[in-house]
Number of protein chains: 2
Amino acid sequence: MFSKSCEYAIKATIYIAEQAGFDKRVGLKEIAQAIDSPEAFTAKILQQLSKNRIVDSVKGPSGGFSMDKKNLEVLKLSQIVKAIDGDSVYKGCGLGFNECSEKKPCPVHYKFKTIRDELRNMLETTSVKDLSMNLNKGLAFLKK
Amino acid sequence: MFSKSCEYAIKATIYIAEQAGFDKRVGLKEIAQAIDSPEAFTAKILQQLSKNRIVDSVKGPSGGFSMDKKNLEVLKLSQIVKAIDGDSVYKGCGLGFNECSEKKPCPVHYKFKTIRDELRNMLETTSVKDLSMNLNKGLAFLKK
DNA sequence: AAATTAAAGGATAATTTTATCCCTTAACAT
DNA sequence: ATGTTAAGGGATAAAATTATCCTTTAATTT
Ligand code: FES
Ligand code: FES
């Protein structure tokens, strides 16, 4: 569904968001531990998230990653997915056509489109804040 | 969503199914052309489909791939997907946990599960026959 | 039976994705 | 100012996926 990069990106963002709730800035090591991901690889992904203004980063001592609390409320899953995997997840053809279109639909088009649109809707309406709150309440986990 | 292998597998099966409607047996070359896929790679996938009894294959002159017309009615997309990609597509966790479970749900679990279950339902109820009929009617295409 | 045909299967290559290493840059602490 | 700290970024490496090549096996045709 999502690439490994995107999975890490979502988990990292949710963790940073949770900590941002306590006005805490968190470092790479802490993030990698919290979401059980390879450190160096996670660093690359955080770079991308930072470039895409999804997270803020500060260098140096007591530096790390954080998020604007206000931005946090409007940030949706779709923005993370789009930043890392592009929009093929909820725009692409189920059978790999370059373009999904009604003009020349692949055999699964009509069956697939429905589900894909629901996925898009879910991603576009699910806010990172909601997810981080469930995490904070112990209703969800970032690693097993 | 699906791997490239799986995409080819689905397209190939649908094409073989369509031709099976005319009691035609089709060769590798013809299939690869019809679905616009690399020949040698497609051969590997057809081997897997054959091993999984999804298609029948006959060697030698006037050999090729075919499908049992009766089996064709009960064959669902899910069987192809399972044979090629396993069941992670509609059983796996959206954020890559080894196991998707309510006991220790990932942050997107409840949002994701709904969609994933609809995908499973779609795959399990969509028959290859239906898809091949649309193809035959010119309502769907296997390549652009 | 022999030749021909087409799938099966093994070995290998190219590409993409995932992951690591190490040096550079910027912020903070002293 | 200087040293320390942590992210940024370039270069590589490992692993998985996608793809090709070539030999073997089995069926048909002659
Ligand atoms: S053309 Fe394949 S999903 Fe729309
Ligand atoms: S635990 Fe992640 S989708 Fe169920």
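Lettering follows sequence order; numbering is per chain, from 1. Please read these numbers as outputs of a predicted model, since none were measured by experiment.
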Donor-acceptor pair (no angle test) under 3.5 Å: Lys59(B) side chain, dT25(D) base: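 Yes, the side chain and the base share a sub-3.5 Å donor-acceptor pair.
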Between [atom2] on [N] and [atom1] on [X], what's the gap in Å once rounded to a whole number?
X	N	atom1	atom2	result
Phe41(B)	dA14(C)	CZ	C1'	12 Å
Asp56(A)	dA7(D)	CG	P	13 Å
Lys51(A)	dA7(D)	NZ	P	16 Å
Gln47(A)	dA19(C)	CD	C1'	14 Å
Glu39(B)	dG9(C)	CD	P	18 Å
Gln48(A)	dT18(C)	CD	C1'	12 Å
Ile35(B)	dT18(D)	CD1	P	14 Å
Leu46(B)	dT20(D)	CG	P	15 Å

Sort and list the pairs that fulfil side-chain hydrogen bond (donor to acceptor under 3.5 Å, both in side chains) and have at least one residue in residues 134-144 of chain A, not counting sequence neighbours.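 Qualifying pairs, neighbours excluded: Glu18(A)-Asn136(A).
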Using a heavy-atom cut-off of under 4.0 Å over every strand shown, decide if Lys44(B) touches base, sugar-phosphate, or nothing.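 It contacts base atoms.
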To the closest 0.5 Å, what do you measure between CZ (Phe65(A)) and CG (Leu28(A))?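 CG of Leu28(A) is found 6.0 Å from CZ of Phe65(A).
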Cationic N near anionic O, under 4.0 Å, Lys76(B) to Glu124(B):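 The answer is no: the pair does not qualify as a salt bridge.
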Under a 4.0 Å threshold between the charged nitrogen and the carboxylate oxygen, would Lys69(A) count as salt-bridged to Asp23(A)?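 Looking at Asp23(A) and Lys69(A), the cut-off is met.
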Measuring to OP1 and OP2 of [N], would you say a side-chain N or O of [X] lies under 4.0 angstrom away?
X	N	value
Ser62(B)	dA6(C)	no
Tyr8(A)	dA19(C)	yes
Ser50(A)	dA7(D)	no

Nearest of [options] to any side-chain atom of [X]?
X	options	result
Ser57(B)	dC28(C), dA19(D), dA7(C)	dA7(C)
Ala40(B)	dA19(D), dA8(C), dC21(D)	dC21(D)
Phe65(A)	dT28(D), dA7(C), dG8(D)	dG8(D)

Counting C-beta onward and ignoring hydrogens, is there a side-chain heavy-atom pair between Leu142(A) and Cys106(B) closer than 4.5 Å?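 Answer no - side chains too far apart.
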Closest-nucleotide ordering on DNA chain C, the 5'-leading residue of Lys4(A) and Pro61(A):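 Here Lys4(A) is the residue nearer the 5' end.
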